[in-house]
Amino acid sequence: MADATPGTAPDAKSAATADPTQEYKRIITIEGLNKWFGTFHVLRDIDLTVERREKIVICGPSGSGKSTLIRCINRLEEHQEGTIVIDGTVLSRDLKNIDTIRREVGMVFQQFNLFPHLTVLENLTLAPVWVRKMPAGEAEEIARQYLERVKIPEQADKYPGQLSGGQQQRVAIARSLCMQPNIMLFDEPTSALDPEMIKEVLDVMVDLAESGMTMLVVTHEMGFASQVADRVIFMDQGQIVEQNTPSEFFNNPQSDRTKLFLSQILDK
Amino acid sequence: MTARPFHRSQAEMLPERAAPVTTAGVVGWLRANLFSSWANTAFTLIALYLLWLIVPAIADWAYFNADTAGDDRFACKSSGACWAWVDQRIGQFLYGFYAPDQTWRVDLAVVLLIPALAPLLFEGVPFARQLRWFSLAYPVVATFLLVGGIGLEGIPTDKFGGFMLNLTVGLAGIVLSLPIGILLALGRRSRLPIIRILCVGFIEIVRGVPLITLLFVSNIILPIFLPPDVTVDSLIRVIVMVTAFASAYMAEVIRGGLQAIPRGQYEAAQALGLRYWQSMVLIILPQALKISIPGIVNTFIGLFKDTTLVIIIGLFDILGIGNAMVSNPDWLGLATEAYVFIAFFFFIACFSMSRYSIHLEKRLDTERRD
Ligand SMILES: Nc1ncnc2c1ncn2[C@@H]1O[C@H](COP(=O)(O)OP(=O)(O)OP(=O)(O)O)[C@@H](O)[C@H]1O
Ligand SMILES: [Mg+2]
């Protein structure tokens, strides 16, 4: 297990190219991922493969490294060991690869992170125009479609500061979708919301899941997990402790730490 | 006293009512703002009394008891101000030693400043798109008008003086120090150590030294290092030094703004695939500059007033001209008049900047809920 040889990239690639149908099915391959913040070992030997259209819910106690894991996928955090391959592109220091991957992967944050100086419509069209070099008219048309889809077409010309939290998060989801990603990452998308707004955001996410998007969702909304997840992953202390289908995961947890965690969050 | 007093239920929801009328004309405003309490009334009366003492005295001095005609100070006989010199000296105060038959070029440059600035400063200016090209070309146009060449009589820059010198140095410094300050601020936060060290070094050295010293350095020390046949125009030297000085302050003001932008903004920009410069120009700087407006305008105002230090380099700005006049035997002792006159020009310029910044802050406020 302590095989600390760096640069396992060629291996990962050959593994991925061994069977072309496998390569197509696997959209994310993470092998032997290790990350430290200074001396603190935050991610330990993470192996994870995600198939196209798969929906994964990641849960675990605070500080277990859930955010760090999904932030490694689009290089908001840099990992020190292991390989991450996104749809055939190896995530490395190479800026071109990082650009390719970021175009492929959308992300939704706990704190929405909308651009407050731009209107909703401008928030949505900015990246398509500047990153995808899409003509402004086309970008606006797509933006309006996605606003329709997250059910707030009438807010297009407002500023984020004039919207409710639930509306802001739906704009943030639409903003990511406008880049037409193949993978969506969600980092506790409903944790900053008042209870009555959680549902409107989850509804949008369920809708997105049904449309076949590949999704990695860090959340403690267990109702959402049972409804849409193909797999639930439980993390603790930087490791994947257990993963299973939602029904098995909730009804028949294997490890003690999972049982403890479930008892804590289901009690609430 | 039997039932619990808080226990009651409401049968019907209350109907909506119109908001009460708050503005009851002038009398209402006066009562609400100036005479709302005994203390407020007392302050209002004291303020009125002070105004009654000060305003008529100033008006008498500056206007009602003032002399406006005459060839020297002996023509001024009344108790008020002596403005007799204005007629004779206004040309120098405004244009310095610029050839009198060419001053129309300065006037034209100032007039052209209006179409050059309008599309940058205000929204809804007609033909804004085309005018922005003119804004871009304005520095070249203005330099050509002021300095001459190609068909216009050449005017050496040591003839520049008076308020047009303050304007030239001030505007050049303002236009240059903002972008340079932005680059320095970004450089100071760069992950590349060389860039960071260079920027920190520049900012700390320039900020740690009085502007006068920088001007002296440019005046005395630079020629020692440069080959003898290379002379740098004094005006350019002043502009360089004033710009360097203001840029160092600007960089720190803008760095404060950059630090106030939450990390989530950078991350959202990155996650959408924006490159460093794209996220800076489109996301971070617009927000950071907006927060920094008061500090930026403060630096501009400081810079503009510092243009009076050109005297160190041997140039005569409006203050230098005023000093010269006050020590001229014809107008000896008219310091108050001269400095009030000069202060008026600076006040107009600085107060306009201040008002504009308030207007801009209101315009850029996207938090308003309407
Ligand atoms: N930039 C950083 N520098 C140092 N330590 C960090 C940094 N970011 C996170 N950590 C630490 O790494 C650990 C994992 O953080 P992470 O945010 O991934 O946890 P999490 O599982 O998402 O927790 P939460 O449920 O609270 O969001 C935590 O102990 C955290 O303090
Ligand atoms: Mg987290």
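No hydrogens, no waters, no symmetry mates; every other heavy atom, side chains included, goes into these values. Each chain gets a letter, A, B and so on, in the order the sequences are listed, and its residues count up from 1.
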Do other residues, nucleotides or ligands put more than 12 heavy atoms under 6.0 Å from A/F37 CZ? yes
Between B/L272 and A/M179, what is the shortest heavy-atom contact and its length? O-CE, 3.5 Å
Pick one of side chain, backbone, both or neither for A/L185, based on which atoms fall under 4.5 Å of a heavy atom in chain B. neither
Hey, are the side chains of B/L282 and A/L118 touching, using non-hydrogen atoms and a 4.5 Å cut-off? no
Around atom CD1 of B/I194, are there more than 12 heavy atoms of other residues, nucleotides or ligands at under 6.0 Å? no
Side chain, backbone, both or neither: which part of B/Q278 has a non-hydrogen atom closer than 4.5 Å to chain A? side chain
How close do A/R102 and B/G273 get, heavy atom to heavy atom, and via which atoms? CB-CA, 4.0 Å
For the NZ atom on A/K151, are there more than 12 heavy atoms of other groups (residues, nucleotides or ligands in this structure) within a distance under 6.0 Å? yes
Which portion of A/R132 sits near chain B, non-hydrogen atoms under 4.5 angstrom: neither
Check this for me: A/K96, atom NZ, are more than 12 non-hydrogen atoms of other residues, nucleotides or ligands nearer than 6.0 Å? no
Is atom CZ of B/R207 surrounded by more than 12 heavy atoms (other residues, nucleotides or ligands) closer than 6.0 Å? yes
Using heavy-atom distances under 4.5 Å, tell me whether A/V108 contacts chain B through its side chain, its backbone, both, or neither. neither
Contact class of A/E122 relative to chain B, heavy atoms under 4.5 angstrom: neither
So for atom CD, which belongs to A/E141, do other residues, nucleotides or ligands contribute more than 12 heavy atoms lying within a distance under 6.0 Å? no
So CZ of B/R263 and CD of A/Q111: to nearest 0.5 Å the spacing works out to 13.0 Å
Do side-chain atoms of A/H117 reach the backbone of B/D365 as a donor and acceptor pair under 3.5 angstrom? no
Search all heavy atoms of B/Q270 against all heavy atoms of A/L76 and return the closest pair with its distance. OE1-CD2, 3.1 Å
Mind listing the closest non-hydrogen atom pair of B/A268 and A/N113 along with its distance? CB-O, 3.5 Å
Is A/F109 close to chain B through its backbone or its side chain, or both, or neither, when contacts mean heavy atoms under 4.5 Å? side chain
Give, for atom CH2 of A/W130 and atom OG of B/S279, the distance between the pair rounded to the nearest 0.5 Å. 12.0 Å
